[in-house]
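Below is one structure, written out as structure tokens, with a few remarks after it.
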Amino acid sequence: MSDFLDIVRERGFVHQVTDEAALRARLSGGVVSAYIGFDCTADSLHVGHLLSIMLLRWFQKTGHKPVVLMGGGTTKVGDPSGRDETRQLLTDAQIEANKAGIRRTFAPFLAFGDGAADAIMLDNAAWLDELRYIPFLREVGRHFSVNRMLTMDSVRLRLEREQPLSFIEFNYMLLQSYDFVELNARHGVALQMGGSDQWGNIVMGADLVRRMRGAEAFGLTTPLLTTASGQKMGKTAGGAVWLSAERLAPYDYWQFWRNAEDADVGRFLALFTELPMAEVRRLAALAGAEVNEAKKVLATEATAMLHGRAAAEEAAETARRAFEEGQAAETLPAITHALPAPVADLLVAAGLVATKGEAKRLVAQNGVRLNDAPVTDAQAPVTASDLRDGAAKLSAGKKRHVLVRAA
């Protein structure tokens with residue numbers, strides 16, 4: 001018996017499943033291959049993708065074969081799901097560079113190889129780039145009802161808001177569905193997984209596999225993940241929370257999880273760590289000041305998963321020294337900037353705020369400190385005389401700190 005569905009349902013991964021009883025039977029009958037697609041719109045994935053990555057990890061840990069599908073082909077079209085505007089079309093060179101960056105993200109999470117349950121990484125450009133369009137329309141397009149396509153959220157919402165939907169984007173669901181057909185034919189893939197915004201595309205893909213190949217196919221989606229305050233998961237004032245260490249230092253990644261809202265800690269421990277659920281429930285039940293201990297566990301376990309245990313423990317120790325002992329630890333994230341410079345400029349350059357206006361408001365709210373001393377003027381210059389052992393510690397609130405060094 002496969003325990004994949006039981007595990008991911010208990011941990012909160014499951015939103016919708018097509019024919020769960022049949023899928024459960026299929027999973028219990030031997031190794032099953034499942035895929036999730038990732039378009040190459042940036043050179044790193046971010047925390048918003050982490051739910052899907054963890055789902056593939058659990059799929060492998062329960063004895064099945066994960067397939068990571070890189071969207072080298074579909075990125076040339078652009079997925080309209082959840083967007084009000086047309087995506088900027090990327091060049092082939094940009095897509096290739098992004099694809100190379102994204103590949104590195106998966107190494108800590110999945111074991112790749114040639115074994116029955118080893119993960120594999122494919123690129124849909126392998127078949128989409130070779131399509132002859134008119135035969136494709138005759139063989140694949142005839143299985144799609146325009147009436148049904150217009151009811152899909154990715155299309156319907158764009159039209160209801162009177163936002164333009166290009167014809168190339170309208171083709172996206174045909175191409176994504178065809179990916180499932182090709183993966184089923186080439187690698188026996190029987191399950192497509194993804195976020196809840198992909199439900200329509202996934203259902204149509206499973207239906208196309210049945211129509212074109214007469215094969216059994218399934219879909220599973222994860223819930224739309226927002227924070228307790230309703231914010232989109234993985235977004236902060238400083239932008240996306242990237243999974244690449246080149247984009248976001250392990251210390252800042254640790255801090256993202258440490259700063260989780262109290263109400264989110266239990267849910268995030270279940271989704272983004274592999275702690276046993278009994279321990280998750282124990283930590284989730286902590287209240288008052290004790291919840292901070294649960295947040296530190298969340299931060300350390302999530303960071304260890306991505307960046308390794310040593311980096312996670314170093315981040316935790318740096319945080320302890322910086323926050324509990326008030327020391328400007330040398331391992332804090334740092335920027336180099338020409339001095340003198342106004343505090344507001346340095347806050348923006350360090351990514352602690354998005355704009356100078358936000359910097360002024362934070363200063364007015366007594367939320368900014370320089371070397372642990374309150375800053376009262378956002379335009380006050382930081383000079384070389386403010387450096388301590390070659391750096392000044394700039395703080396936004398109680399938890400976010402950056403070392404400033406002179407250029």
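Because the structure is a prediction, the values reported are computed rather than measured.
Proximity of a side-chain donor or acceptor of R320 to a complementary backbone N or O of A316 within less than 3.5 Å is not detected. Panel note: side chain R400, backbone L352; a donor-acceptor pair is recorded below 3.5 Å. A donor-acceptor pair is defined here as one N or O able to donate and one able to accept, closer than 3.5 Å; no such pair exists between the side chain of S395 and the backbone of G397. In this structure, N371 contributes its side chain and A392 its backbone to no donor-acceptor pair below 3.5 Å. Listed for the H46 side chain is a donor-acceptor partner under 3.5 Å among the backbone atoms of G48. A donor-acceptor contact shorter than 3.5 Å is absent between the side chain of R405 and the backbone of A391. Judged purely by atom type and a 3.5 angstrom limit, N259 uses its side chain to pair as donor or acceptor with the backbone of Q255. Between the side chain of T300 and the backbone N or O of V297 there is no donor-acceptor pair closer than 3.5 Å. Counting only distance, with no hydrogens or angles, the side chain of S44 and the backbone of S244 share a donor-acceptor pair below 3.5 Å.
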Going through the checks in order, is the salt bridge (charged side-chain N to carboxylate O under 4.0 Å, His left out) test met by E358 and R361? CA-CA 5 Å; E358 186 181 342; R361 288 191 293 275; 5.2 Å; no

List the steps and the verdict of salt bridge (charged side-chain N to carboxylate O under 4.0 Å, His left out) for R210 and E216. CA-CA 6 Å; R210 288 189 289 269; E216 195 174 41; over 6 Å; no

Salt bridge (charged side-chain N to carboxylate O under 4.0 Å, His left out) evaluation trace for R247 with D43: CA-CA 9 Å; R247 285 263 203 161; D43 62 5; 2.8 Å; yes

Let me see the working for I36 and Q192 under side chain to side chain contact (heavy atoms under 4.5 Å, CB included), right down to the final yes or no. CA-CA 6 Å; I36 298 178; Q192 181 183 175; over 6 Å; no

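Under a 4.0 Å N-O distance rule, the pair E301/K296 does not qualify as a salt bridge. A salt bridge links R281 and E10; the closest N-O separation between the charged side-chain nitrogens and carboxylate oxygens is under 4.0 Å.
Residues forming a ring-ring contact (aromatic ring centres under 6.0 Å, His included) with F136 (at least two apart in sequence, or on another chain): Y178. In terms of the salt bridge (Lys or Arg N to Asp or Glu O under 4.0 Å) criterion, R103 has no residue partners (sequence neighbours excluded). Scored by the side chain to side chain contact (heavy atoms under 4.5 Å, CB included) test, A111 finds Q60 as partners (sequence neighbours excluded). For E279, the salt bridge (Lys or Arg N to Asp or Glu O under 4.0 Å) partners are R282, not counting sequence neighbours. Under the ring-ring contact (aromatic ring centres under 6.0 Å, His included) criterion, F59 pairs with F4, H64, not counting sequence neighbours. The side-chain hydrogen bond (donor to acceptor under 3.5 Å, both in side chains) test applied to D345 returns K356, not counting sequence neighbours. In this structure E20 satisfies the side chain to side chain contact (heavy atoms under 4.5 Å, CB included) test together with L5, R9, V17, R24, sequence neighbours excluded. Checked against salt bridge (Lys or Arg N to Asp or Glu O under 4.0 Å), R186 has the following partners two or more places apart in sequence or in another chain: E182. When the ring-ring contact (aromatic ring centres under 6.0 Å, His included) test is applied to F268, the partners found at least two apart in sequence or on another chain are W257, F272. Partners of R369 by salt bridge (Lys or Arg N to Asp or Glu O under 4.0 Å), not counting sequence neighbours: none found.
Minimum interatomic distance between V209 and V181 (heavy atoms only, all atoms of both residues): CG2-N, 3.8 Å. Minimum heavy-atom separation, K295 to D262: NZ-OD1, 2.6 Å. In plain terms, the two heavy atoms of G12 and P223 that are nearest each other are O-CG, 3.7 Å. Taking every heavy atom of both residues into account, L90 and C40 meet most closely at CD1-O, 3.5 Å. Counting all heavy atoms, side chain and backbone alike, T221 lies closest to I202 at CG2-CD1, 3.8 Å. Of all heavy-atom pairs between V8 and W58, the closest is CG1-CB, 4.0 Å.
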Do any side-chain atoms of residues 115-123 form donor-acceptor pairs under 3.5 angstrom with protein atoms, and if so which ones, sequence neighbours left out?
unit_1, atom_1, unit_2, atom_2, d
D118, OD2, D114, N, 3.3
D118, OD2, G115, N, 2.7
D123, OD1, G72, N, 2.9
D123, OD1, A125, N, 2.9
D123, OD2, K99, NZ, 2.4

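With rounding to the nearest 0.5 angstrom, the CG atom of L346 is 10.0 Å from the CG atom of D386. Remark: L225 CG to Q231 CD distance equals 12.5 Å, nearest 0.5 Å. Residue T303 holds its OG1 atom at 10.5 Å from CZ of F256, rounded to the nearest 0.5 Å. Separation of atoms CG (N201) and CE (M149) is listed at 9.0 Å; rounding is to 0.5 Å.
Between the side chains of D179 and N124, at least one donor-acceptor pair of N or O atoms lies under 3.5 Å. Judged purely by distance below 3.5 Å, without hydrogens or angles, the side chains of Y35 and N184 never pair a donor atom with an acceptor atom. Side-chain contact annotation: D39 with T74, donor-acceptor N/O pair under 3.5 Å present. Side-chain polar atoms of Q198 and Q176 form a donor-acceptor pair below 3.5 angstrom.
For the pair L191/M193, a side-chain contact is recorded, criterion being any heavy-atom separation below 4.5 Å from C-beta on. Looking at L306 and F109, their side chains come closer than 4.5 Å, going by heavy atoms from C-beta outward. Contact annotation: the side chain of D207 approaches that of R211 to within less than 4.5 Å [non-hydrogen atoms, C-beta and beyond]. Counting heavy atoms from C-beta on, the side chains of L224 and D197 never come closer than 4.5 Å. By the 4.5 Å heavy-atom criterion applied to side chains, N98 and T41 are not counted as neighbours. Counting heavy atoms from C-beta on, the side chains of L298 and L283 never come closer than 4.5 Å. At a threshold of 4.5 Å between non-hydrogen side-chain atoms, the residues I53 and L45 count as touching. Residues L243 and Y253 form a side-chain contact, since some pair of their non-hydrogen atoms from C-beta on lies under 4.5 Å apart.
Sorted by first then second residue, the salt bridge (charged side-chain N to carboxylate O under 4.0 Å, His left out) pairs that include residues 125-135, not counting sequence neighbours, are K76-D129.
In this structure, F106 has its ring center closer than 6.0 angstrom to the ring center of F38.
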